[in-house]
S.K.: 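Okay, here's the structure, questions in a sec.
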Amino acid sequence: MKSILKFFAVTVLFFAGYNGYSQDPNFHVYLSFGQSNMEGAAPIEAEDKTNVDPRFQVLEAVNCPDLNREMGQWYTAIPPLCRCKTGLTPTDYFGRTMVANLPKNIKVGVVNVAVGGCKIELFDKDNFENYMKTAPDWMLGMIKEYNGSPYARLVEMAKIAQKKGVIKGILLHQGESNTGDTLWPKRSKLYTTI
């Protein structure tokens, strides 16, 4: 009887692990979030769309039918990297510089979730709804693209990214809407420990 139970336990464990996923340790993923510059405030020039190494990938965080991109899928990181009609971000040339200086067997992926003009409180998983009550109308459409919670979308995409690669770091560009806020460093530290 013990051998039958042992066989059954091993079989269950085997099939439970069968549907698992394998992370590629050579696929380095960076989560990037913040406001206007991280969203892409700079215009995209023709030269920014050429010679992008396919080792530099972006995990699309929203559906972009005009770009033939679907949320949750990896693509060569040709800008825009944030949302469908945003501009050039610091993430663009961060990734290009990384792949240019890493061994050829290393790929770099980015997940970019950002909202221009937002305060860091928009990425507070417990209180973002309170912040949204005071957010200007022009910002609400951008937030809606993330199903109403940029933080939740970033976490959702991070989980998808971990199926393929290993999260190596977080890139944050935010602060102009929190100018003079003495709690900003503490909040930023808290929100980057996703």
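Count residues from 1 along the sequence.
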S.K.: Keeping the roles fixed (side chain from R96, backbone from A77), state whether a donor-acceptor pair exists under 3.5 Å.
M.R.: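 Checking the backbone N and O of A77 against the side chain of R96, no donor-acceptor pair under 3.5 Å is found.
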S.K.: Whether the side chain of R69 engages the backbone of C64 through a donor-acceptor N/O pair (distance < 3.5 Å, no angle test) should be reported.
M.R.: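 Side chain of R69 to backbone of C64, a donor-acceptor pair under 3.5 Å: no, none is there.
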S.K.: Hey, could you give me the CD/NE2 distance between Q57 and H28, rounded to the nearest 0.5 Å?
M.R.: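 Nearest 0.5 Å value for the CD-NE2 distance: 14.0 Å.
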S.K.: Check whether any side-chain heavy atom of V108 lies under 4.5 Å from a side-chain heavy atom of R55, and answer yes or no.
M.R.: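 Not in contact.
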S.K.: So V62 and Y146, do their side chains get closer than 4.5 Å, heavy atoms only?
M.R.: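 Yes - at least one pair of side-chain heavy atoms lies under 4.5 Å apart.
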S.K.: Roughly how far apart are L122 CG and N127 CG, rounded to 0.5 Å?
M.R.: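 Nearest 0.5 Å value for the CG-CG distance: 11.5 Å.
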S.K.: For the pair N63 (side chain) and M71 (backbone), establish whether a donor and an acceptor sit closer than 3.5 Å, ignoring hydrogens and angles.
M.R.: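 Yes; judged by distance alone, with no hydrogens or angles, the pair exists.
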S.K.: Check for me whether the distance between the ring centres of F123 and F33 falls short of 6.0 Å.
M.R.: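 Centroid distance F123-F33: below 6.0 Å, so yes.
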S.K.: Check for a donor-acceptor pair, side chain of E39 on one end and backbone N or O of G116 on the other, with a separation under 3.5 Å.
M.R.: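 Confirmed, E39 side chain pairs with G116 backbone.
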S.K.: Can you check whether K85 reaches D66 side chain to side chain, under 4.5 Å on heavy atoms?
M.R.: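 Yes; the side chains approach each other to less than 4.5 Å.
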S.K.: Parallel, tilted or perpendicular for Y30 and F94, by the 30°/60° rule?
M.R.: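 Perpendicular, since the angle between the ring planes exceeds 60°.
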S.K.: Are W74 and I167 connected in a single hydrophobic cluster, I mean Ile/Leu/Val/Met/Phe/Trp/Tyr linked by side-chain heavy atoms less than 4.5 Å apart?
M.R.: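 Yes, I167 and W74 fall within the same hydrophobic cluster.
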S.K.: Tell me if a side-chain donor or acceptor on T89 pairs with a main-chain N or O of T91 at a distance below 3.5 Å.
M.R.: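 Yes; at least one donor-acceptor contact below 3.5 Å.
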S.K.: Could you tell me if D48 and Y93 have a donor-acceptor pair between their side chains, going purely by distance under 3.5 Å?
M.R.: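 The criterion, which ignores hydrogens and geometry beyond distance, is satisfied for D48 and Y93.
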S.K.: Can you find a pair of side-chain heavy atoms, one from V111 and one from L154, that are under 4.5 Å apart?
M.R.: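 Heavy-atom side-chain distance check passes, below 4.5 Å.
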S.K.: Using a 6.0 Å cut-off, check whether atom CG of N147 has over 12 heavy atoms from anything other than its own residue.
M.R.: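 No - once you tally the heavy atoms of other residues, nucleotides and ligands closer than 6.0 Å, there are 12 at most.
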S.K.: Below 4.5 Å, heavy atoms only, C-beta onward: do S32 and I170 meet side chain to side chain?
M.R.: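 Heavy-atom side-chain distance check fails, nothing below 4.5 Å.
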S.K.: Nearest 0.5 Å, what's the CD-SG distance between E60 and C84?
M.R.: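 Here the interatomic distance stands at 6.0 Å.
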S.K.: Checking D53 side chain against F56 main chain: does a donor-acceptor pair fall under 3.5 Å?
M.R.: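 Side chain of D53 to backbone of F56: no pair is present.
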S.K.: Which distance, rounded to the nearest 0.5 Å, do you find between the CD of E129 and the CG of D124?
M.R.: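 With rounding to 0.5 Å, CD (E129) is 10.5 Å from CG (D124).
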S.K.: Would you say Q23's side chain and G165's backbone share a donor-acceptor pair under 3.5 angstrom?
M.R.: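 Here the side-chain-to-backbone pair exists.
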S.K.: First locate atom CE of M98, then atom NZ of K107, and finally report the distance between them rounded to the nearest 0.5 Å.
M.R.: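 Spacing of CE (M98) from NZ (K107) equals 15.0 Å.
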S.K.: Decide if atom CG of D126 counts as having more than 12 heavy atoms of other residues, nucleotides or ligands within a radius under 6.0 Å.
M.R.: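 Enclosed.
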S.K.: Taking E156 first and then R153, would you say they form a salt bridge - that is, a charged N and a carboxylate O separated by under 4.0 Å?
M.R.: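 Salt bridge between E156 and R153, a charged N being under 4.0 Å from a carboxylate O: yes.
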S.K.: Looking at CE of M157 and CG of L31, how far apart are the two atoms once the value is rounded to the nearest 0.5 Å?
M.R.: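 Going from the CE atom of M157 to the CG atom of L31 covers 11.0 Å.
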